[in-house]
> 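This is the structure I have questions about; it appears just below.
Per chain, numbering begins at 1; letters A, B, ... match sequence-line order.
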Amino acid sequence: MTSLATALRTEALAWRRSTVQRLATPLLILLVPIASVGMTALARSGAVAGTGAAKLADYATGDLATTHLVVAGQVLSVAVLMAGGFGVAAAFGQPLADGRAGAWFGLATPRGTLALARCLVVLGWVLACALAAVALTVAASAAAAASVAEPFDPTAWAAAGRALAAGSLGAGLALPFAVVATATRSPLATVGSLIGMVATTQLVVLLGAGSWFPYAVPSLWTGTGGPEAAAAIAPGALWLTAAIAPAACAVVVHQWRRLTDV
Amino acid sequence: MSAPATEPRTAVRLTDLHHAFGRRAALTGLSLTADHGEVVAVVGLNGAGKTTALRVLAGRLRPASGSARVLGQDPARLDAAAARRFGQLVGSPLVDLALTVTENLRTAAALHGVPRGDVGPAALGTLDRLGLAPWAAVRARALSLGNAQRLAIACTVAHGPDVLVLDEPTSALDPQGVVLVRELVRERADAGAAVLVSSHHLDEVARVADRVVVVHGGRVVGTLDPGGADLERRFFAMVLAADESAAAPGSAS
């Protein structure tokens, strides 16, 4: 426990100073409220016609605040995966690519513990960003709703809760890319596999098999595929998706314990 | 840290190491030891197998065959008690370029097992010892090559290891830095540490080592007395003899 606490302290400091974190944090926190309020306003302005209007049709009607937070959940579920994926690519792939990971050998803090701490720090960071993004969206939405005398009622709070839960699930889905980063020893290959997974998820959803595919579940659950697709997400699928993060952590720790030729 | 009174004299032991990268043999039966209180210099030409052997010793490379022991344990799986007494600088150091010099030293001390309350004093002491105090608040990425190497060494010794493995620790240092590291290595050995250091600089090695081990073709081909005259000539004679022996008809290699 002491070595994990030490590892968490040192990894948290390193992550706080990392360039990826410094760039991604404001992007993630600001993108979600801007996209949510902006897209809803655009959908209701009538300024978009044709295919664009069809895509935004779901946001054009209904309770304003609830719509903001539904959009927030949809954006967040993908944004946290991308941010977390880039995060683990940098945190795990880069030190293996440039050889710095070799310095983790022969330490009193075992490298498996360091790898676990690195997973937890990146996960904690994405979760904190998701919480901040939802909080900011709630504040922006409440202000927007008040300005047009619309209520911010319990359905909006429920949508905020679902957005946060979907964001948390999406954040956990980034951790398997720490496994990829460790196996490939390349941040670029990790980012490539992340993009590949997003494309694969699109295909799986198109084929109608998304309701049990963990990488599609958070997005579908927030209504990206429509109300029917959201209703089709079973509690078991949510639990399966939530189980990905601890499973990935266990695999990463095993990989780092067995690591050689660094 | 100090060695337990009942501890075996030999702190480091590599036995009959073999390893190849693809078809190229890097280690061909390398064996060597280092005792507590001893500085062993490993010298050899580029590609002789020095760094590969030190990577095995650091636990960073699992050899195809043979065994490595640090304080009686497999270096890839040191327990916490043994790891607290071990320091290695082979290849990239335990330095985060985004952290300041002081933060790196505190991090290194903590990861090497220095108790939380002692991390600050350990970092400060090492900062002064390696002459890094003027750069204490500077990010590691802004350091000159020489100061970056001082920081790398500082991060390796911040916990006062009893076994120290250093690969080319003075390659980027100015004369003052070379003297600092030489004194540091000698201090550690005089305090009972086993120090294994690789170098290309034979004159430097002669000043600090108790024993000079010559590695060539992936194995130890002999030892040199660091105190004798004309170390360079004796080194090349030993390497040449090893080559001629390997090329002789009927040679196993």
> At a heavy-atom distance under 4.5 Å, which candidate from B/Gln88, B/His19, B/Arg106 has the highest pair count against chain A?
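Going by pairs under 4.5 Å, I would pick B/Gln88.
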> Counting only non-hydrogen atoms closer than 4.5 Å, does A/Leu114 touch chain B with its backbone (N, CA, C, O), its side chain (CB onward), both, or neither?
side chain
> Under 4.5 Å from any heavy atom of chain A, what part of B/Arg116 do you find: side chain, backbone, both or neither?
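Side chain only.
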> Among B/Gly91, B/Ala76, B/Ala152, which has the most heavy-atom pairs under 4.5 Å with chain A?
B/Ala76
> Side chain, backbone, both or neither: which part of A/Arg9 has a heavy atom under 4.5 Å from chain B?
side chain
> Using a 4.5 Å cut-off on heavy atoms from C-beta on, say whether the side chain of A/Arg17 contacts that of B/Asp96.
no
> Quick one: does B/Arg62's side chain have a donor or acceptor within less than 3.5 Å of a partner on A/Arg258's backbone?
yes
> Measure distances from B/Val95 to the heavy atoms of chain A and classify the residue's part below 4.5 Å as side chain, backbone, both or neither.
backbone
> Can you tell me which portion of B/Ala58 sits under 4.5 Å from chain A's heavy atoms? Options are side chain, backbone, both or neither.
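The backbone, not the side chain.
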> Can you name the nearest heavy-atom pair linking B/Leu94 to A/Leu107, along with the distance?
CD2-CD2, 3.8 Å
> Should the heavy atoms of other residues, nucleotides or ligands under 6.0 Å from NE2 of B/His200 be counted, would the total exceed 12?
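Yes, the 6.0 Å shell around NE2 holds more than 12 heavy atoms from other groups.
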> Going from CZ on A/Arg16 to CG on B/Leu99, what distance comes out if it is rounded to the nearest 0.5 angstrom?
9.5 Å
> Quick one: what part of B/Leu78 sits under 4.5 Å from any heavy atom of chain A, side chain, backbone, both or neither?
side chain
> Verify the neighbour count for atom CZ of B/Arg13: are there more than 12 heavy atoms of other residues, nucleotides or ligands below 6.0 Å?
no
> One pair to check against side-chain contact (heavy atoms from CB on, under 4.5 Å): B/Arg55 and A/Asp261. What are the steps and the verdict?
CA-CA 8 Å; B/Arg55 286 176 69 206; A/Asp261 199 5; 2.7 Å; yes
> Roughly how far, to the nearest 0.5 Å, is the OG1 atom of B/Thr107 from the CG atom of A/Leu13?
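Rounded to the nearest 0.5 Å, the CG-OG1 separation comes out at 5.0 Å.
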> State whether the number of non-hydrogen atoms from other residues, nucleotides or ligands found under 6.0 Å of A/Gln202 atom CD is greater than 12.
no
> Between A/Arg100 (side chain) and B/Ser92 (backbone), is there a donor-acceptor pair under 3.5 Å?
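No: the side chain of A/Arg100 does not pair with the backbone of B/Ser92.
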> Taking all non-hydrogen atoms of both residues, which atom of B/Arg60 and which atom of A/Val262 are closest, and how far apart?
NE-O, 2.8 Å
